[in-house]
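To start, the structure under review is shown below, and the notes come after it.
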Protein chains: 2
Amino acid sequence: MTTIKDIARVAGVSVTTVSRALNGYDDVNEATRRKIMQVAKDLNYSPNILARGLVMNKSKTIGLLVSGLNRQSAKDHFTFEVLSGINECVSEKDYDLVLFSTNSTKQREKTYSQLCRERRVDGVILSGIKTDDPYLQEVVDSDIPCILIDIPILTDTVGYVTTDNVLGAKKAVDHLIRLGHRHIGMINGHNLAFVSERRLEGYKESLNSAGLTFNPDWVVNGDYNEDTAREEAVKLLTLYPEITAIFCASDLMALGVLKAAKQLDRNLPEQLSVAGYDDIQLASYASPPLTTVSQDKFQLGYQAATMLIQMLEGSGQPHALILETQLIERESAMKR
Amino acid sequence: MTTIKDIARVAGVSVTTVSRALNGYDDVNEATRRKIMQVAKDLNYSPNILARGLVMNKSKTIGLLVSGLNRQSAKDHFTFEVLSGINECVSEKDYDLVLFSTNSTKQREKTYSQLCRERRVDGVILSGIKTDDPYLQEVVDSDIPCILIDIPILTDTVGYVTTDNVLGAKKAVDHLIRLGHRHIGMINGHNLAFVSERRLEGYKESLNSAGLTFNPDWVVNGDYNEDTAREEAVKLLTLYPEITAIFCASDLMALGVLKAAKQLDRNLPEQLSVAGYDDIQLASYASPPLTTVSQDKFQLGYQAATMLIQMLEGSGQPHALILETQLIERESAMKR
DNA sequence: TTGAAAGCGCTAACAG
DNA sequence: CTGTTAGCGCTTTCAA
């Protein structure tokens with residue numbers, strides 16, 4: 001493997017000069033530079049970025065720490081789209097992306113910052129982490145630049161990007177109300193996600209501004225899981241037959257509600273309106289196609305990476321970015 | 001950041017001893033080792049793997065080079081599931097995964113081996129690469145250990161894992177024939193994928209062993225794209241109304257055919273049977289649910305990583321692995 | 001069982 | 001504009 005030493009020898013200059021020429025410094029004679037470039041090409045040189053990282057104390061690498069990257073979670077491709085967005089940005093900016101995963105018990109033994117420091121990543125993006133995850137606290141404490149997806153924490157070294165979940169939920173519930181529904185249930189996710197909290201708040205706000213009273217019994221947790229949501233929906237609809245519409249904190253759970261309705265012989269959307277959240281790919285293929293709140297997952301990732309690299313390259317403080325959502329009206333909700 | 005030097009100082013030994021103790025060599029006094037371990041923990045030490053990589057000349061990192069990781073390709077989550085499988089294996093074996101992506105024009109300027117050598121990855125997995133991709137030739141030439149997904153090339157340093165595409169296609173077409181179809185068209189992908197070739201071959205074999213003649217006019221390319229497939233299917237079905245069943249080289253294209261049928265007012269499955277390939281998530285949600293050939297994408301990734309790490313750790317030659325597929329009978333194909 | 005010393009490939013003062 | 005020198009954090013002979 002060719003090194004700058006080899007180039008120096010062949011070109012008849014010192015390694016310093018080679019380094020400078022290769023890195024585009026302008027204090028190199030143009031002829032010398034050309035010569036060096038030529039030799040580098042001839043020798044098929046590639047820089048050893050481990051060596052460079054070692055001396056510069058940065059690796060031009062960002063880490064991605066996710067929990068949603070395993071066989072089970074394949075159905076809801078949220079993580080994947082976020083990843084695509086991150087990847088896009090990172091490759092434009094000439095960084096590399098290394099994937100940490102928290103699913104293996106082995107890795108679990110390592111702390112968050114150990115993971116990052118060992119790999120010498122310059123910064124890290126966290127996604128799909130629950131609020132009780134021990135990693136999360138470490139983030140706030142550690143001094144590694146970090147962007148959180150969907151967790152609103154802002155410190156000297158951590159920023160976040162998320163969508164406007166309150167408004168998003170409000171859009172969906174407003175829509176149901178506009179369609180004439182007065183008895184609207186909600187299937188929320190679980191209590192370990194900030195987004196659940198926010199979406200619940202949006203639901204309440206919407207009811208409130210329409211003069212409807214909030215009934216806590218009409219809100220149940222479906223754990224962001226299709227089947228749990230189905231079970232919970234069956235219970236809910238059986239217990240409170242007056243409910244004519246359900247807002248779900250995720251499309252996956254809305255799919256579960258669709259199944260619950262079928263199970264209870266309630267026709268959709270005539271006898272039950274359903275709205276979801278996320279606009280996952282499946283949403284438009286469900287029958288009936290799901291009315292939902294779309295969030296741009298790719299953009300979530302893209303912006304997270306952009307923000308992180310901005311922090312890394314010194315242009316300022318970490319900050320927060322809140323993306324818009326969009327109500328997608330399809331056929332799972334109708335006028336009553 | 002703590003280094004072994006710090007540990008050495010505090011523990012009152014030399015860096016050599018620290019290194020040996022930390023790496024579990026047995027020529028260290030047990031008391032010394034305990035002391036060192038304790039100091040390391042106290043100082044919250046994490047090894048600098050860049051430095052280690054530099055001297056050992058390996059990075060415990062494997063690269064993933066894919067082309068299917070961008071906004072457009074999100075629909076068919078093949079790449080994502082492969083990635084999950086790779087990630088699972090890699091984290092079990094305590095390697096890290098770095099993502100290269102070929103979508104940025106910038107990266108395009110770098111050759112395959114440059115990418116790998118710069119990052120000092122120990123080996124690389126390629127997926128979603130077309131057969132005319134310039135990277136591909138480089139693989140064969142370079143000496144970097146490499147596993148290809150779905151490209152059957154076997155050399156000293158490159159192995160592959162794929163599924164039995166001939167048999168898979170045969171299963172689907174056999175099924176259509178068994179249902180009584182005699183006029184079976186095929187929507188293939190494009191000519192730049194080995195799998196297309198193989199699936200076509202399976203189609204031919206199936207026809208052949210049923211005594212049906214192969215008609216090249218009944219085979220068109222849909223470019224693995226839903227909409228192209230739809231267009232091509234419309235043309236095909238208009239030109240050859242005698243066709244009663246279509247085998248598609250991917251589910252995504254089968255979805256396109258479903259749309260084409262709707263467009264032509266042909267009821268599915270009564271007036272047209274369709275079989276797909278892949279068993280993507282959407283397949284079971286389509287209406288009618290898609291009869292298809294399932295391949296275990298997670299396993300594809302998992303096995304590729306396993307094989308690569310095996311090669312890396314010296315236990316033998318690269319080799320080939322061919323996974324089974326499974327016919328999934330749903331409702332898009334019926335007896336005639 | 002331990003330590004001194006060399007060196008992996010690179011960048012960065014500093015001096016000329 | 002160019003070279004000398006030191007050193008990033010680690011592993012690994014070699015010698016004690």
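Excluded from the calculations below are hydrogen atoms, water molecules and symmetry mates; all remaining heavy atoms, backbone and side chain alike, are included. Every chain is numbered from 1, with letters handed out A, B, ... down the list of sequences.
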Donor-acceptor pair, distance only, cut-off 3.5 Å: does the side chain of [X] make one with the backbone of [Y]?
X      : Y      : value
A/K60  : A/K58  : no
B/T163 : B/Q295 : no
A/D122 : A/I62  : no
A/S127 : A/I149 : no

Compile the donor-acceptor pairs under 3.5 Å between side chains in residues 15-25 of chain B and protein atoms, sequence neighbours left out, one pair per line.
from  : atom 1 : to    : atom 2 : distance (Å)
B/T17 : OG1    : B/S14 : OG     : 3.2
B/N23 : ND2    : B/S19 : O      : 2.8

(message) Could you go through A/Q114 and B/S46, starting from their C-alpha distance and side-chain angles, then the distance that decides it, and tell me whether this counts as side chain to side chain donor-acceptor pair (under 3.5 Å)?
(response) CA-CA 6 Å; A/Q114 261 174 332; B/S46 353; 5.3 Å; no

(message) Please give me every residue in residues 55-62 of chain A whose heavy atoms get under 4.0 Å of an atom in DNA chain D, ordered by residue number.
(response) A/V55

(message) Using a 4.0 Å cut-off on heavy atoms, which residues in residues 4-19 of chain B reach DNA chain D? List them by number, or say none.
(response) B/I4, B/K5, B/T16, B/S19

(request) Please identify each residue that fulfils salt bridge (Lys or Arg N to Asp or Glu O under 4.0 Å) with B/R52, with sequence neighbours left out. (result) none

(message) Holding to salt bridge (Lys or Arg N to Asp or Glu O under 4.0 Å), I want the full list of residues that pass it with B/D42, two or more places apart in sequence or in another chain.
(response) none

(request) Determine, for A/D133 against A/K130, whether the closest basic-nitrogen to carboxylate-oxygen distance falls under 4.0 angstrom. (result) no

Can you name the closest pair of heavy atoms from [X] and [Y] and give their distance?
X      : Y      : value
B/Y224 : B/S196 : OH-OG, 2.8 Å
B/Y160 : B/I151 : CB-O, 3.2 Å
A/D150 : A/F194 : O-CB, 3.8 Å

(message) To the nearest 10°, give me the bend of the helix from C/dT1-D/dA16 to C/dG16-D/dC1, comparing the axes of its five terminal pairs at either end.
(response) 40°

Check: protein-nucleotides 14-16 of chain C nitrogen or oxygen pairs below 3.5 Å:
none

(request) Please list, chain by chain and in numerical order, all residues satisfying side chain to side chain donor-acceptor pair (under 3.5 Å) with B/D141, sequence neighbours excluded. (result) B/Q137

(request) Scan residues 26-53 of chain A against DNA chain C and write down, sorted by residue number, each residue with any heavy atom closer than 4.0 Å; if none is found, say none. (result) A/Y45, A/P47, A/N48, A/A51, A/R52

(message) List the residues meeting side chain to side chain contact (heavy atoms under 4.5 Å, CB included) with B/A51, not counting sequence neighbours, and say none if there are none.
(response) A/L54, B/N48

(message) Can you tell me how the ring of A/H77 sits relative to the ring of B/H77, calling it parallel under 30°, perpendicular over 60° and tilted otherwise?
(response) tilted

(request) Could you tell me how the ring of B/F80 sits relative to the ring of A/F80: parallel (under 30°), tilted (30 to 60°) or perpendicular (over 60°)? (result) tilted

Contacts under 3.5 angstrom, residues 303-312 of chain B side chains, donor-acceptor by atom type, not counting sequence neighbours:
from   : atom 1 : to     : atom 2 : distance (Å)
B/Q303 : NE2    : B/Q299 : OE1    : 2.6
B/T306 : OG1    : B/Y302 : O      : 2.7

(request) Whole angstrom is fine here: how far is it from CG in A/L54 over to P in C/dC8? (result) 13 Å

(message) Going 5' to 3' along DNA chain D, which are the first and last nucleotides with any atom under 4.0 Å from a heavy atom of chain A?
(response) D/dC1 to D/dG9

